[in-house]
Every structure is written in C-alpha cells, then in structure tokens.
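On a predicted model such as this, the values are computed, not experimentally measured, just so you know.
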Amino acid sequence: MGDQRDTARVLLTRRTYAEEAGIALADRPAPLYQLLVLVTLLSTRIRAQVGVAAARELFAAGYRTPQAMEAASWQQRVDALGRAHYRRYDERTATMLGTGARLCLDRWHGDLRRLHREAAGDRATLRRLLIEFPGIGPTGADIFLREVQMVWPELRPYADRRTVAGAKRLGLPAATDRLAGLVDEADFGRLASALVRVALGEESAGQLNRSVAGR
C-alpha cells in the first residue's frame with residue numbers, strides 16, 4: 001500500500017486536461033462551458049494534446065462563453081481549430097461547437113449549473129443530458145464527469161474505463177473505492193486524469209514506476 005500511495009502522490013503532481021487547456025475550473029458558468037468545449041474537441045479521434053491545443057486556440061480567440069462561441073462565424077471557429085492543427089474534423093467540429101453553444105443558451109441559459117441541478121447529482125441523468133450536446137457521446141460524458149468531479153464533489157469518486165486501465169498498468173487497485181483510498185477525496189479527480197494519461201500512453205507506466213522507486 002505504501003508504494004501505491006507513493007505512486008498516487010507522483011500522479012497528483014500532473015496537470016489535469018482542463019488545466020492544460022487553460023481552464024481555471026470552478027462551479028461557474030464560463031469555466032464549466034469551457035470544459036464542455038474541451039470535451040467536444042476530445043471526443044473526436046484525435047490525440048488528446050491536439051484537442052487541448054485546439055481548446056486553447058478557441059479560448060485565446062475569445063470564445064470562452066456560449067454567447068461568444070455562437071457569435072463567432074463558422075469560418076472563425078474553423079480557423080482557430082486549424083491553428084492548432086485540428087484537421088480532418090475541423091469543419092464538422094466548428095459546426096457542432098456553434099450548435100452546442102445554441103443548445104447551452106436555449107436550454108440552460110448559458111449556465112451548466114442548471115444542468116447539474118436538474119440531474120440532482122444522479123450520474124446517469126448527467127450522462128444523458130451531456131450526450132444531448134452534439135459531438136459528445138458516452139466517452140465524452142466520461143471525460144466531462146471525470147474532470148468536473150473536482151468542483152461537483154457529490155460525483156466523487158468517478159473513475160471511467162480509461163482511469164481504471166491506467167490504474168491497472170501501474171499495479172494500482174482497479175476497484176474505484178480502493179483507488180480513491182490512496183488520496184484525499186478532493187484529489188481524486190486529479191488522480192483520475194493522470195491515470196488516463198498513462199492509459200493513453202502519454203506517460204510511460206514503466207518510467208513512472210521507476211521514478212517512484214527512486215524516490
């Protein structure tokens with residue numbers, strides 16, 4: 001258990017995908033919408049780092065709220081995605097971002113806290129509501145819930161299949177409750193995000209285990 005806790009402590013030094021995209025995640029309308037944008041980008045078959053870079057380009061262009069995203073022209077969204085080398089899916093994703101922004105405004109008045117309240121903390125309901133956004137399927141819903149548990153504490157501990165896959169690669173518990181026992185409750189979202197990087201091969205499990213052993 002000691003070695004597993006050491007591994008978890010190292011993983012907690014990694015940034016979440018939201019942080020890497022420049023999102024100061026909080027239970028407020030703008031950062032929650034920005035997380036939704038990031039999830040939309042990560043839901044296509046591209047490398048996670050390309051999706052993160054695309055989110056940063058969109059936010060740098062000023063499209064940080066559903067109002068700003070919808071007000072941008074389709075070509076402006078395509079251009080921002082292109083600057084991040086988000087190719088093949090750029091035109092379709094630019095359309096989905098516009099449609100998703102309109103849905104966010106029409107149904108949730110631009111505030112995903114309303115979606116959260118409607119679900120009343122029920123994960124299945126949250127997943128169903130998230131999947132209604134264009135481009136977001138079950139995997140995208142998992143990404144959103146995995147990251148948002150940092151500010152929606154009743155979701156903790158939330159571990160999706162990629163989190164579990166990363167844990168197995170490192171010899172950590174696959175059972176969510178046992179995995180959560182390695183860290184403080186508030187840190188589980190960060191641990192889950194770091195384990196996904198291991199599952200996707202962004203971080204070598206062998207190298208990470210060696211660095212823990214050398215501490």
Item to complete: Please check if the side chain of E154 supplies one atom and the backbone of G121 the other of a donor-acceptor pair under 3.5 Å.
Response: no
Worksheet item: Is the shortest side-chain N to carboxylate O distance from R197 to E203 below 4.0 Å?
Response: no
Item to complete: Kindly indicate whether the side chain of W108, heavy atoms from C-beta on, has any atom under 4.5 Å from the side chain of L32.
Response: no
Worksheet item: Under 4.5 Å between any side-chain heavy atoms of V183 and L11, yes or no?
Response: no
Worksheet item: Do side-chain atoms of S193 reach the backbone of G189 as a donor and acceptor pair under 3.5 angstrom?
Response: no
Worksheet item: So do the side chains of F133 and L115 get within less than 4.5 Å of each other, counting heavy atoms only?
Response: yes
Practice prompt. Work out which heavy atom in S43 is nearest to a heavy atom in G140; give both atom names and the distance.
Written response: OG-CA, 3.4 Å
Item to complete: For the residue pair L36 and I136, establish whether any side-chain heavy-atom pair is separated by less than 4.5 Å.
Response: yes
Worksheet item: Of the non-hydrogen atoms in G166 and V198, which two are nearest, and what is the gap between them?
Response: O-CG1, 4.0 Å
Discussion item. Tell me whether R64 contacts the main-chain N or O of A30 through its side chain, where contact means a donor paired with an acceptor under 3.5 Å.
Written reply: no
Worksheet entry | Residue pair M96 / G135: nearest heavy atoms and the distance that separates them | SD-CA, 3.4 Å
Worksheet item: Could you give the distance from CG (D160) to CG (L195), rounded to the nearest 0.5 Å?
Response: 10.0 Å
Fill in: Pairwise side-chain contact, Y17 with Q49, heavy-atom cut-off 4.5 Å (strictly under)
yes
Worksheet item: Do R9 and D6 meet the salt-bridge criterion of a basic N to acidic O distance under 4.0 Å?
Response: yes
Discussion item. Using the rule given for side chain to side chain contact (heavy atoms under 4.5 Å, CB included), can you reason through L41 versus L81, listing the C-alpha separation, both sets of side-chain angles and the distance that settles it, and then say yes or no?
Written reply: CA-CA 9 Å; L41 296 167; L81 294 172; 3.6 Å; yes
Practice prompt. Nearest 0.5 Å please: distance from the CG atom of D184 over to the CZ atom of R156.
Written response: 10.5 Å
Practice prompt. May I ask you to check whether T139 and D142 show a side-chain donor-acceptor distance below 3.5 Å?
Written response: no
Discussion item. Would you say that L112 contacts L35 through its side chain, given a criterion of any heavy-atom pair below 4.5 Å between the two side chains?
Written reply: no
Worksheet, complete the sentence: Closest non-hydrogen atoms of A94 and V78, given as atom of the first, atom of the second and distance, are CB-CG2, 3.5 Å
Worksheet, complete the sentence: Shortest non-hydrogen pair, L58 vs A80, comes out as CD2-CB, 3.8 Å
Worksheet item: Does some side-chain heavy atom of P157 sit less than 4.5 Å from a side-chain heavy atom of D177?
Response: no
Practice prompt. Go through the steps to decide whether L145 and Q149 satisfy the test side chain to side chain contact (heavy atoms under 4.5 Å, CB included), and finish with yes or no.
Written response: CA-CA 6 Å; L145 296 175; Q149 68 181 310; over 6 Å; no
Worksheet entry | Minimum heavy-atom distance A84-V50, with the two atoms named | O-CG1, 3.9 Å
Worksheet item: Is there a donor-acceptor pair under 3.5 Å between the side chain of W74 and the backbone N or O of E91?
Response: yes
Worksheet entry | Interatomic spacing from CG in L129 to CZ in F144 - rounded to 0.5 Å | 11.0 Å
Worksheet item: How long is the gap from CD on Q67 to CG on L105, to the nearest 0.5 Å?
Response: 5.0 Å
Worksheet item: Any Lys/Arg nitrogen of E118 or R114 sitting under 4.0 Å from an Asp/Glu carboxylate oxygen of the other?
Response: no
Worksheet item: Are L97 and L42 connected in the hydrophobic side-chain network, where two residues link if heavy atoms are under 4.5 Å apart?
Response: yes
Fill in: Single-linkage hydrophobic cluster, 4.5 Å side-chain cutoff, V52 and Y63 together
yes
Discussion item. Under 4.5 Å between side-chain heavy atoms, counting indirect links through other Ile/Leu/Val/Met/Phe/Trp/Tyr residues: same cluster for M69 and I23 or not?
Written reply: yes
Discussion item. Are L182 and M150 connected into the same hydrophobic cluster when the rule is that any two of I, L, V, M, F, W, Y join if their side-chain heavy atoms are below 4.5 Å apart?
Written reply: no
Discussion item. Check this for me: does any side-chain nitrogen of one of R14 and E202 sit under 4.0 Å from a carboxylate oxygen of the other?
Written reply: no
Worksheet item: Rounded to the nearest 0.5 Å, what separation is found between the OH atom of Y86 and the OG1 atom of T44?
Response: 2.5 Å
Practice prompt. Any chance you could measure R146, atom CZ, to L155, atom CG, to the nearest 0.5 Å?
Written response: 13.0 Å
Worksheet item: Could you go step by step and tell me if L130 and R127 meet the side chain to side chain contact (heavy atoms under 4.5 Å, CB included) rule?
Response: CA-CA 5 Å; L130 288 165; R127 287 174 62 83; 5.7 Å; no
Item to complete: Answer yes if V196 and L12 sit in the same cluster of Ile, Leu, Val, Met, Phe, Trp and Tyr residues linked by side chain heavy atoms under 4.5 Å apart, and no otherwise.
Response: no
Worksheet item: Do P134 and T95 have side chains that get closer than 4.5 Å, going by heavy atoms?
Response: no
